[in-house]
Structure formats: structure tokens, C-alpha cells
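Note that the structure is a prediction, hence the values are computed from the model and not measured. In what follows, chains carry the letters A, B, and so on, assigned in the order in which the sequence lines appear, proteins first and then strands, with residues in each chain numbered from 1.
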There are 2 protein chains.
Amino acid sequence: MKLDVTDRKILKLLQQDGRLSNAEIAEQVALSPSPCLRRLRRLEQEGIIEGYQTQLNRQKIDLGMTVFVQIKMHDHHAASVKNFEQAIHGMDAVITASTVSGSADYLLEVVASDLEDYDRVVSKLQELKMVREIESNFALRRVKTAAPLPLKRLSD
Amino acid sequence: MKLDVTDRKILKLLQQDGRLSNAEIAEQVALSPSPCLRRLRRLEQEGIIEGYQTQLNRQKIDLGMTVFVQIKMHDHHAASVKNFEQAIHGMDAVITASTVSGSADYLLEVVASDLEDYDRVVSKLQELKMVREIESNFALRRVKTAAPLPLKRLSD
DNA sequence: GATTTATTGGCAGTATATGCCAATAAATCA
DNA sequence: TGATTTATTGGCATATACTGCCAATAAATC
């Protein structure tokens, strides 16, 4: 599916503020509300927009600790992978997880209130038999957070 | 600021769908629209809600490659830190960045269309004189993406 | 240049947001 | 406990926004 300049403007605006009303978007992209809404719905239906999320202040909801966790596995058998990933899905402190190239197998982003809370997460990970090694890298300071994805140059 | 059960329900709902209308939220938390809207505005003003974002499908906007980049610095002098972080802010392919404990100084999340595109990012990083070492860990598969932050148990 | 196709703008009806006020519920204090 | 204060709620009226439909315009195709 092709995205024209107007679509990109809409996406750019919505990345900045996901709750902009259609009327506001329409005004900013110089369209009347109805075609603008049609574009928005199409972007949603095509799956270009995957969803809308609300960013919370982690300190204020007592999840001030962020840890990047590198996991090395004993093996990569299908069963180990499946069980591990199921466990990950069940741990709500793990907010993102990817398999990665390099010396580790998985990179997780984990949130916690404090060290004690984080320790409980690590304990759970340690209980998983397919996990060989766990390295915790604590986020000390967030320099850039959830920046918008760079949409290729749009002349606006 | 204290969050009661209703506030948490609102936050939970908005993490799942950041574009829910106030009317829908109100219905789901068993409030009439006006007190619900007041709560929402308060959560925004208190900074508990930092903002609303739209999640885009990275493949579909031709940013299918995600790389976690570990950066080691030559030194940690104030000037080096400042210049490095300024450079990071200026690179829109870098969507998150943190200082971390462990052997690396910074952990970045970088998006790119392909290896060639990614190479341009690495080149820019290499040009920075305070950067000593760059390790790229390519995300091979995303297992869990931007999961909602776990709000402490709410009896709903 | 004519025809098809895609996109737009306007309109009407419906739904939603917002500010205000009275009523209710909760908390505080005598 | 009972009275008073405080916080929170629900309802109403108005303004704003969403949505589907149709005609008009613009773009693309032949």
C-alpha cells in the first residue's frame, strides 16, 4: 500500500499525539474532516496503524526501575523456545522482548518498583530450566524515550 | 498523588487503547461521563499520563530492521556526554536511548529500512570522537512488543 | 479528448465532550 | 454519635466531533 504525503502527515501528527481528533488532524493536513477520517480508517484497516497507546510516567506509578536483561539459553530446541516465550508472555514486568544476534539470545526490557521487586523477576527467570545465563543492565538515565518513527522525508 | 481503583482501571483501559472515548471509558469503569472525564484530565495534568502515541507497523513503513546498539565511550567528561547525547537527539533513527550499568555506557534502539540504511547510522555514530566502541545486536524476532505497564493489582 | 476511477467537500443525524450546578457520598471534627 | 466540611458524582445544556451518504471535483486511463 502506498502512502502519499497527506498520509504521512497524518501518521506524523498521530505519533506526536495519538488522541488528536479527526477534526484537528484534518485542519493540520488541509483536508475537510470526511476525507481525513477515511484516510485514518484506511491506515487502521491496512494495519499501518497497529494501535493507540497511552504513555504513563513510570516513576509516578511506582515502576521507576527499568532493566535491560540479556538472556542466554542452554539450547534452541523448539520446546525450549516455546516454553521460554510462553513464560515471558506471562510475566507482566517484561514489557518488551526480542531475539537478538550476538552473544545473547534474548534481550528483555523489564520494569520494577525497586531492587526487591526486580529480584522477584530475576528469580522467576532463573527458575526456567532452559535459561543458562542472565545479565542485568540497569537503565540509569533515559536519554531518549519512545521517539516517533522517522517517516521518510515529507515536504511539509 | 494517589490512584484509586477507578483511576487504575482508566489507565489500564487507555494503555490497551489510547483512543477510547471518554464515554466508553466511563461505561467500562461504571461512572457517568463527567466524573470520568475529570479523572482523565487530572491524570493528564498530574503527569501520570505523559501522552498518547500511535503504534505503527514498522515493516509497512519500511523500517523493518531494529537494532540494539551498545555504545562504549572513551571518557565520561561532561562535554563528551553532552555532545554525544545531543548527537543522539539529532538522529531520528535512534528511537530510544539510555545510559546503562554494565560494560556498555549506552544502549540504543535504532530503526532502519535495511543494512545499507543501518550502515549510515553506524557511520554517523563512528564519526563521534567520544565513542570508543559500537556493538550492534540485531533484533531477529520481536517476542513481546510494548506491553502495557503492569499497574499493581486492581480488583476488577 | 472522452471515459473511467479515485478523492474530495458538504450536509444531516448521531454521538461525544465540556462546563456548570445540585445532590450524594465520604471524611473530619466537635 | 452527630454536625460540618470536603470530595466526588450525575444530569443537563451547549458546543464540538464523528459518520455515512451524495454530488462535485480532480486525477488517471485509454
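For B:Pro33, taking side-chain heavy atoms from C-beta onward, the closest of the listed nucleotides D:dT9, D:dC21, C:dT18 is C:dT18. Distances from the side chain of A:Ala23 to the nucleotides C:dT8, D:dC18, C:dA17 place D:dC18 closest. Comparing C:dT8, D:dC18, C:dT18 by their nearest atom to the side chain of A:Arg41 picks out D:dC18. Here the nucleotide nearest the side chain of B:Leu37, chosen from C:dG10, D:dA17, C:dA17, is C:dA17. Minimum atom distance to the side chain of B:Arg39 is reached by D:dT8, of the listed D:dG20, D:dT8, D:dC18.
Taking atom CZ of residue A:Arg19 and atom C1' of nucleotide D:dT16, one finds them 15 Å apart after rounding to whole Å. Atom CD of A:Glu24 is separated from atom P of C:dT16 by 18 Å (rounded to the nearest Å). One can place CD of B:Gln28 at 13 Å from P of C:dT16, the figure rounded to the nearest angstrom. Nucleotide D:dA17 holds its P atom 9 Å from the CD atom of A:Glu27, rounded to whole Å. Taking atom CD1 of residue A:Ile25 and atom P of nucleotide D:dT16, one finds them 18 Å apart after rounding to whole Å.
No donor-acceptor pair under 3.5 Å is formed between the side chain of A:Lys12 and the backbone N or O of A:Leu151.
Within 4.0 Å (heavy atoms only), B:Ser21 reaches sugar-phosphate atoms of the nucleic acid but no base atom. The residue B:Ser32 sits close to a base: some heavy atom pair falls under 4.0 Å.
The nucleotide D:dA28 finds its pairing partner in C:dT3, both defining distances of the Watson-Crick or G-U wobble pair being shorter than 3.5 Å. Using the Watson-Crick or G-U wobble rule with both distances under 3.5 Å, C:dG19 pairs with D:dC12. Judged by Watson-Crick or G-U wobble contacts below 3.5 Å, the nucleotide C:dA30 has D:dT1 as its partner.
With salt bridges taken as basic N to acidic carboxylate O contacts below 4.0 Å, none links B:Arg132 and B:Asp105. With respect to A:Glu109 and A:Arg58, a salt bridge is recorded, a charged nitrogen being found less than 4.0 Å from a carboxylate O. With respect to the salt-bridge test (charged N to carboxylate O, under 4.0 angstrom), the residues A:Glu127 and A:Lys124 do not qualify.
Projected onto DNA chain D by closest heavy-atom contact, A:Asn22 and A:Arg38 fall at different nucleotides, the more 5' of which corresponds to A:Asn22. Residue whose closest nucleotide on DNA chain C sits further toward the 5' end, between A:Cys36 and B:Ser34: A:Cys36.
Note on ring orientation: taking the six-membered ring where Trp is involved, the planes of B:Phe84 and B:Tyr106 are tilted (angle from 30° to 60°).
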